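Everything quoted here is computed from the prediction, not taken from an experiment. First listed ligand is number 1; within each ligand, the first listed atom is number 1. Side chains are part of it too, since the values below use all heavy atoms of this structure and drop only hydrogens, waters and symmetry mates.
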Amino acid sequence: MGIPGSGLAKGLAVTLRTMTKRTVTEQYPDVQPELAPRTRGVIGLFEENCTVCMLCARECPDWCIYIDSHKETVPPAAPGGRERSRNVLDRFAIDFSLCMYCGICIEVCPFDALFWSPEFEYAETDIHELTHERDKLREWMWTVPEPPALDPGAEQPKEIGAAQKAADKLAAQQAKEAEEARQAAAEQAGTDQRTKDAGEEA
Ligand code: SF4
Ligand code: SF4
């Protein structure tokens, strides 16, 4: 048998110890939690980048990505070229009642069409509402944070280099066309002046 009152003393000791510790309880929803920048809340779809390659749907361990598409014939890029066919997205949906937030779909997408958004407040009372169709997945895109800045001195992403090269080429082409137009206008003005002078002399 222990000393009378020792249980009470132990209980009070625990209370005192706990009172001096920093609380970890979050007062959600009155106070919004401070989330890590790349929190896995919900998945956003940037459908302009999606080529309907089906990689995400095939790799998803839960089979909760639903994609429908059809083929469309595209005219040749240049005269005399061959017609091409491309996949057109009809449906893209993710069932978040099955998703386990593993991120595999985002990792495997070769065309940067899927992104994590930190938004997490999309609980529903009807489980069917947790299947988000493409319009809703697109809406989530606007909540995706900017990618973190590159380290100082880091190599530029190759997409930016390629886009810069294309922009420089276009600018050079436009400058050349403008110069040719300017020269043509100057020559035309000279011809008009000579014709006018010849008319006056006659
Ligand atoms: S996060 Fe994982 S489980 Fe969820 S849709 Fe993507 S691959 Fe499937
Ligand atoms: S992996 Fe990317 S590009 Fe391919 S179907 Fe999925 S979202 Fe679209």
Side-chain angles (χ1 to χ4, degrees), residues 24 26 28-29 31-78 81-151 154-170:
V24 291
E26 300 258 5
Y28 177 81
V31 180
Q32 287 292 317
E34 277 182 28
L35 300 172
R38 311 308 291 177
T39 298
R40 298 178 178 195
V42 73
I43 296 168
L45 168 71
F46 189 57
E47 67 177 70
E48 285 79 357
N49 280 1
C50 178
T51 60
V52 201
C53 70
M54 303 298 285
L55 215 54
C56 55
R58 279 207 304 269
E59 296 294 327
C60 172
D62 289 348
W63 291 88
C64 62
I65 302 179
Y66 312 122
I67 301 176
D68 290 332
S69 67
H70 67 273
K71 283 211 182 295
E72 209 174 69
T73 306
V74 184
R82 272 197 312 183
E83 283 186 339
R84 291 160 299 142
S85 76
R86 69 181 176 106
N87 292 321
V88 179
L89 193 64
D90 292 326
R91 183 186 184 210
F92 195 113
I94 299 178
D95 184 350
F96 286 103
S97 70
L98 294 177
C99 176
M100 61 177 179
Y101 301 86
C102 63
I104 289 176
C105 52
I106 295 171
E107 292 295 322
V108 298
C109 176
F111 301 104
D112 281 347
L114 296 171
F115 296 86
W116 279 120
S117 154
E119 286 295 322
F120 64 94
E121 292 178 308
Y122 53 95
E124 302 284 355
T125 49
D126 181 351
I127 198 169
H128 298 106
E129 299 290 323
L130 281 172
T131 299
H132 294 193
E133 298 290 337
R134 64 198 272 188
D135 291 345
K136 197 157 183 180
L137 294 174
R138 168 182 278 280
E139 286 302 309
W140 291 128
M141 263 317 290
W142 315 134
T143 63
V144 172
E146 290 276 314
L150 292 177
D151 289 339
E155 200 178 306
Q156 203 180 38
K158 59 179 185 303
E159 293 90 344
I160 293 183
Q164 187 63 49
K165 221 168 146 183
D168 290 348
K169 200 173 158 190
L170 186 66

Exercise for the section: Could you tell me whether atom 8 (Fe) of ligand 1 has an N, O or S atom of Cys102 under 2.8 Å away? Expected result: no
Practice task
Over all heavy atoms of both residues, which pair between Cys105 and Ile43 is shortest? Give the atoms and the distance, please.
Solution key: SG-CD1, 3.8 Å
Fill in the blank from the handout: residues 55-70 vs salt bridge (Lys or Arg N to Asp or Glu O under 4.0 Å), sequence neighbours excluded, gives none
Problem - Pair Phe96 and Phe120, ring centroids less than 6.0 Å apart - result: no
Completion exercise
Shortest non-hydrogen pair, Thr143 vs Ser117, comes out as OG1-OG, 2.6 Å
What pairs of donor and acceptor atoms, side-chain ones from residues 156-168 against any protein atom, are under 3.5 angstrom apart with sequence neighbours left out?
{"residue": "Gln164", "atom": "NE2", "partner": "Asp168", "partner atom": "OD1", "Å": "3.1"}

Handout entry: Top protein contact for atom 8 (Fe) of ligand 1, by heavy-atom distance
Key = Cys60 SG, 2.3 Å
Practice task
Tell me which protein heavy atom sits closest to atom 1 (S) of ligand 1, plus the residue, atom name and distance to 0.1 Å.
Solution key: Gly103 N, 3.2 Å
Handout entry: Nearest-contact summary for atom 3 (S) of ligand 1 - protein heavy atom, Å
Key = Met100 N, 3.4 Å
Handout entry: Validation row, ring centre Phe92 to ring centre Tyr66 under 6.0 Å
Key = no
Problem - Straight-line distance of Ser69 OG to Leu89 CG, nearest 0.5 Å - result: 7.0 Å
Problem - Greater than 12 external heavy atoms within 6.0 Å of Glu155's CD - result: no
Do any side-chain atoms of residues 32-41 form donor-acceptor pairs under 3.5 angstrom with protein atoms, and if so which ones, sequence neighbours left out?
{"residue": "Arg38", "atom": "NH1", "partner": "Glu146", "partner atom": "O", "Å": "3.4"}
{"residue": "Thr39", "atom": "OG1", "partner": "Ala36", "partner atom": "N", "Å": "3.2"}
{"residue": "Thr39", "atom": "OG1", "partner": "Ala36", "partner atom": "O", "Å": "2.5"}
{"residue": "Arg40", "atom": "NH1", "partner": "Tyr101", "partner atom": "O", "Å": "3.0"}
{"residue": "Arg40", "atom": "NH1", "partner": "Cys102", "partner atom": "O", "Å": "2.8"}

Problem - side chain to side chain contact (heavy atoms under 4.5 Å, CB included), paired with Pro76, selected from Arg84, Arg82, Glu83 - result: Glu83
Fill in the blank from the handout: Note: ligand 1 atoms sitting under 4.0 Å from heavy atoms of Cys99 are 1 (S), 3 (S), 4 (Fe), 5 (S)
Completion exercise
A student checking ligand 2 against Thr51 at a 4.0 Å heavy-atom cut-off should list atoms 3 (S)
Problem - Tyr101: numbered ligand 1 atoms lying under 4.0 Å from its heavy atoms - result: 1 (S), 4 (Fe)
Problem - For atom 5 (S) of ligand 1, closest protein heavy-atom neighbour - result: Cys64 SG, 3.6 Å
Problem - Parallel, tilted or perpendicular, as decided by the 30° and 60° cut-offs, for the rings of His132 and Trp140 - result: parallel
Practice task
Check ligand 1 against Pro61 and write out every atom of the ligand that is under 4.0 Å from a heavy-atom position of the residue.
Solution key: 7 (S)
Exercise for the section: Run the numbers for me: atoms of ligand 1, each under 4.0 Å from some heavy atom of Asp62, listed by number. Expected result: 3 (S)
Handout entry: atom 6 (Fe) of ligand 2 neighbourhood, protein N/O/S only, threshold under 2.8 Å
Key = Cys56 SG
